[in-house]
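Below is one structure, written out as structure tokens; the observations come after it.
Lettering follows sequence order; numbering is per chain, from 1.
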There are 2 protein chains.
Amino acid sequence: MNRAESSLDTIDIILRTATEHFAERGLAGARIDEIARDAGVNKATIYYHIGGKDELYAAVFRENMRNSTERLLSNVEAKQTAEEKFKAYVQTMVENLRENKAAAPLMMRELASGAENIPQEGLQYIVKMLTTIIQTLEQGRQDGSFRDTNPGLTHLMIIGSIMFYTAGEPLRKKLMGLMGADFPMLEYTKDCDLARDISDFLLHALKP
Amino acid sequence: MNRAESSLDTIDIILRTATEHFAERGLAGARIDEIARDAGVNKATIYYHIGGKDELYAAVFRENMRNSTERLLSNVEAKQTAEEKFKAYVQTMVENLRENKAAAPLMMRELASGAENIPQEGLQYIVKMLTTIIQTLEQGRQDGSFRDTNPGLTHLMIIGSIMFYTAGEPLRKKLMGLMGADFPMLEYTKDCDLARDISDFLLHALKP
DNA sequence: CCGTTAACTAAATGGTTAGTTAAAATTTTA
DNA sequence: TAAAATTTTAACTAACCATTTAGTTAACGG
């Protein structure tokens, strides 16, 4: 392996490991020493390649948002009708958040911190996602398949329910242990089931 | 002022101040010295009355959950029909989260941390809230005013949308600055408007 | 094969922070 | 008023932790 490739691999494993740590413990709670240990590199290597804790965090956030946004946009654009696009939006959001377990915790911590550590580029990705769902709802409104609803509210329903479902898994486990199995708790094993239920529920609210 | 009252006041100001700090910075990010300074008490007073950082955090979480839950249950129980109860649930949840700005950040950070620092009593309050909404939805299903939907999913929509709206305010401000005023961003000045819109949206999905 | 340079490391540095302590001051109680 | 509870003061410590520094290793180009 040549120098450039090995370098990229190192940066990649650092970012992957840091993503988990920042998601589980937050910016303040994560430890550079532990990230380095779990990534199998020396602490100074992180400083050499990426920079200090803040820059590492920004890089982690940016990469995660970039991946999610690119996939979301391309999946939605591939569809024609407003309803298909809406379903693709929900489905892809569910896939993104379930494949990358860190995404929801990262975003929720950012919201809790007043979005103070989101890098500029991260904001751009959020705008792209918002624009996509707004355009989809507008398309549906114009062709009569959707009611005239507040797009911001609809987006809140999508993002809120999926993020809370994803990040809420450990809490649900604790509650289940406390309540017994007969308590009707939400639990999906497949992405498509959750995405379908959310789509169905929200489309019921969106349709005239 | 007698001894008990004065003591309660001291504990109260400590808990209030700590609530803000933990919400804004998280358990790891909050500083005992800063909490003491902002509360206007000596650091040793916190240890005298409450204990260490973890105990302070648990007390903060417990008190916040207790307040919210008590208000929620009493407001819902005062109503008769399923739809009235549903609206009261949403309305009270909105009021709770907007009057106590710390509640949503505290809960979102907990979810992100795998609910690891929620005290036992806090879990009990969550169960009470869940039970309330489940019973309300069941009541509506039986008398034919609601469809047969997954109660867990419905709760996810309520709690997700309200929490993301509440905690998302700083992010919305940043996005507004980035996008210009013509971008259709959700912004309510009154509790009742947000609660009404969410109720209307969800009732549209719940009704047969 | 050799000098250069990117990649990496081990160890040190220095600031930060949770928690403690002991004595004194203040307030409340009885 | 004496005892008890509360709070302050302020110094202290032991651990923690981000960042730096000085040095090592090995790939690369010529």
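- Within residues 45-57 of chain A, the residues approaching DNA chain C are T45(A), Y48(A), H49(A), by heavy-atom distance under 4.0 Å.
- Applying the side-chain contact (heavy atoms from CB on, under 4.5 Å) rule to E84(A) yields the partners K79(A), Q80(A), T81(A); only residues at least two apart in sequence or on another chain are considered.
- For H21(B), the side chain to side chain donor-acceptor pair (under 3.5 Å) partners at least two apart in sequence or on another chain are D38(B).
- Side chain of E55(B) to main chain of G52(B): a donor-acceptor pair is present (N/O by atom type, distance under 3.5 Å, no hydrogens or angles).
- Taking 4.0 angstrom as the limit, R31(A) places none of its side-chain polar atoms (N or O) nearer than this to OP1 or OP2 of dC16(D).
- Listed in residue order, the members of residues 15-25 of chain B having a heavy atom less than 4.0 Å from DNA chain C come to none.
- Contacts between residues 35-42 of chain A and DNA chain C, defined by a heavy-atom separation below 4.0 Å, involve V41(A), N42(A), listed by number.
- When the side chain to side chain donor-acceptor pair (under 3.5 Å) test is applied to Y47(A), no partner is found at least two apart in sequence or on another chain.
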Collect all protein-nucleotide pairs involving nucleotides 21-23 of chain D in which both atoms are nitrogen or oxygen and the distance is under 3.5 Å.
none

Side-chain donor-acceptor pairs under 3.5 Å in residues 22-36 of chain A, sequence neighbours left out?
residue, atom, partner, partner atom, Å
R25(A), NH1, E34(A), OE1, 3.3
R31(A), NH1, A28(A), O, 3.1
D33(A), OD2, K43(A), NZ, 3.2

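- For the side-chain contact (heavy atoms from CB on, under 4.5 Å) test, residues two or more places apart in sequence or in another chain that qualify with A167(B) are L111(A), A104(B), M108(B).
- Applying the side chain to side chain donor-acceptor pair (under 3.5 Å) criterion to D54(A), with sequence neighbours excluded, gives no partner residue.
- Shown here are the side-chain contact (heavy atoms from CB on, under 4.5 Å) partners of S68(B), two or more places apart in sequence or in another chain: N96(B), M129(B).
- With sequence neighbours left out, the side chain to side chain donor-acceptor pair (under 3.5 Å) criterion links K173(A) to E169(A).
- A30(B) comes within contact range of the sugar-phosphate backbone alone, with a heavy-atom separation under 4.0 Å but no base atom that close.
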